[in-house]
Protein chains: 2
Amino acid sequence: MTIPRAAKTLRRTRIQEEKEERILEAALDVFSVSGFRGSTIDQIAEAAGMSKPNLLYYFRTKEAMHRALIDRVLFTWLEPLRAFDAEGNPEAEIRSYIRRKLEMARDFPRESRLFANEILQGAPHIEDELKGPLKELVDEKAEVIRAWVRAGKIAKCDPYHLIFSIWATTQHYADFDVQVRAVLGQNHAGEGRFEDAARFLEQLFMNGLRPRQASSAP
Amino acid sequence: MTIPRAAKTLRRTRIQEEKEERILEAALDVFSVSGFRGSTIDQIAEAAGMSKPNLLYYFRTKEAMHRALIDRVLFTWLEPLRAFDAEGNPEAEIRSYIRRKLEMARDFPRESRLFANEILQGAPHIEDELKGPLKELVDEKAEVIRAWVRAGKIAKCDPYHLIFSIWATTQHYADFDVQVRAVLGQNHAGEGRFEDAARFLEQLFMNGLRPRQASSAP
DNA sequence: GTAATGTTTTACCAATCGGTCAAATTATCG
DNA sequence: CGATAATTTGACCGATTGGTAAAACATTAC
């Protein structure tokens, strides 16, 4: 007798690892384009080169696939913000945060769009993660930024909106990629796009945040 | 004999205007949340308080509703960029562009999300508008900005990425509203949010774009 | 080997999807 | 009023949806 989906948690087969990996990869392709509601299990099955009931053998529902995907991706996604170091040099920290976020937009656009789709549609599946772990992490880093402001190391500004604007500007190149390409056209649409964006954003934020009034230089 | 959908173009009834208006309003509610694929005619019908076949009397297909909505909203959406004035004062023009875009994110979040959903999903229905009218408008305004740079009125920067970053930062407050609320929590989540955002973004862009090296002052 | 377990497929289901049709209802106009 | 056109509805259609059941097939353990 075959103990169906319960036994999986006891011992994981090599086949299970491979297939679950393949399914999540396909699910990322599909969910990142069409969002949860707009995606179908059949689409994911076809992308994975597997039959629909076979997918449902590994993930009981469409929602289970989505959730597994979110869980797997969320941790990595927040890595750059976590790396934000209170002890580091403010200018260097912000600069490298922008750079890392931009690299992620370039290298993991599907992951970016997965979250964008989810949040855009009201975040019905990740509300808890936003209000819990995400908020806590941002609160922590906002405090770091606030300390830099108090020390006069960067211009006086709202740390939350600073973080939002870095998220927005960098992820824009993943989420709105078609629009960026359409507007830039053939001329600047080459792979120099990301270098241009990096140069612009670094300039914008570095000049925009340079302390203006009081100086803390010894 | 009732001439169904052809006669509509000849003479428009009062009822037609009202019902089409009601349908598009409901369609905006639904499409802006779930995107084209994720939305159903039944959802729109329920939101409009009408029967499904009645919707389809006014718009032959789901796509026709979506297209009508896009067409109606796109023009208004680009208004702030169109208002960008080459003769005006660069600092004031950019500042008021940011402000107007932010006001639109606050007052028309559904419209913002409608486009965000569409572009995120590869812009299958508005590719032509992006590559045509939008690109032309942006090209024109980019030239204006480039002239300001040449005249030393603002810092040297890529005009396209400047426009992208204004789009990204302002629309973020409409498209990622749930996330913004979740992160800000109860404390700053009040309606002061938009004033705080406006203050931050104005500071960022004004300082970020102030000419640094050569001065053009007479 | 063979028996038990793990995996995959075929056939299927009820619900929902976008959309049609003809009949019923309502508004308009002379 | 009556006739004609405009609007609305209920019943329905084939395709697709998320998901199931059971048997066929493959793998592993002994």
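Sequence lines set the chain letters: A, B, ... in the order given, protein chains first and strands last, and positions in each chain run from 1. Side chains are part of it too, since the values below use all heavy atoms of this structure and drop only hydrogens, waters and symmetry mates.
Phosphate contact (OP1/OP2 of D/dA6, side-chain N/O of B/Q16, threshold under 4.0 Å): absent. Of the side-chain N and O atoms in B/N54, one or more sit less than 4.0 angstrom from OP1 or OP2 of D/dT9. For B/Y57, a side-chain nitrogen or oxygen approaches OP1 or OP2 of D/dT7 to under 4.0 Å.
Note: CG (B/L55) to P (D/dG10) measures 14 Å, nearest angstrom. Atom CD in B/E17 sits roughly 15 Å away from atom C1' in D/dA6 (whole-Å rounding). In this entry the distance linking CD of A/E18 with P of C/dG6 reads 17 Å, nearest Å.
At a threshold of 4.5 Å between non-hydrogen side-chain atoms, the residues B/P124 and B/E118 count as touching.
For the salt bridge (Lys or Arg N to Asp or Glu O under 4.0 Å) test with A/R72, the passing option among A/E111, A/E21, A/E25 is A/E21; the others fail.
Using cut-offs of 30° and 60° on the angle between ring planes, the pair B/F115 and B/W77 is tilted.
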Could you list the protein-to-nucleotides 16-19 of chain C atom pairs, N/O on both sides, closer than 3.5 Å?
{"from": "C/dG18", "atom 1": "OP1", "to": "B/S39", "atom 2": "O", "distance (Å)": "3.2"}
{"from": "C/dG18", "atom 1": "OP1", "to": "B/K62", "atom 2": "NZ", "distance (Å)": "3.1"}
{"from": "C/dG18", "atom 1": "OP2", "to": "B/I41", "atom 2": "N", "distance (Å)": "3.0"}
{"from": "C/dG18", "atom 1": "N7", "to": "B/K52", "atom 2": "NZ", "distance (Å)": "3.0"}
{"from": "C/dG19", "atom 1": "OP2", "to": "B/K62", "atom 2": "N", "distance (Å)": "2.8"}
{"from": "C/dG19", "atom 1": "O6", "to": "B/K52", "atom 2": "NZ", "distance (Å)": "3.3"}

In sequence, state the C-alpha distance, the side-chain angles, and the governing distance for A/W148 and A/F84, and then conclude on ring pair (Phe, Tyr, Trp, His ring centres under 6.0 Å). CA-CA 13 Å; A/W148 288 343; A/F84 214 92; 5.6 Å; yes

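B/R113 places no side-chain N or O within donor-acceptor distance of the main-chain N or O of B/S32, the cut-off being under 3.5 Å.
With salt bridges taken as basic N to acidic carboxylate O contacts below 4.0 Å, one links A/E79 and A/R82.
With D/dT9, C/dT7, C/dT9 as the choices, the nucleotide that has an atom nearest any side-chain atom of B/S51 turns out to be D/dT9.
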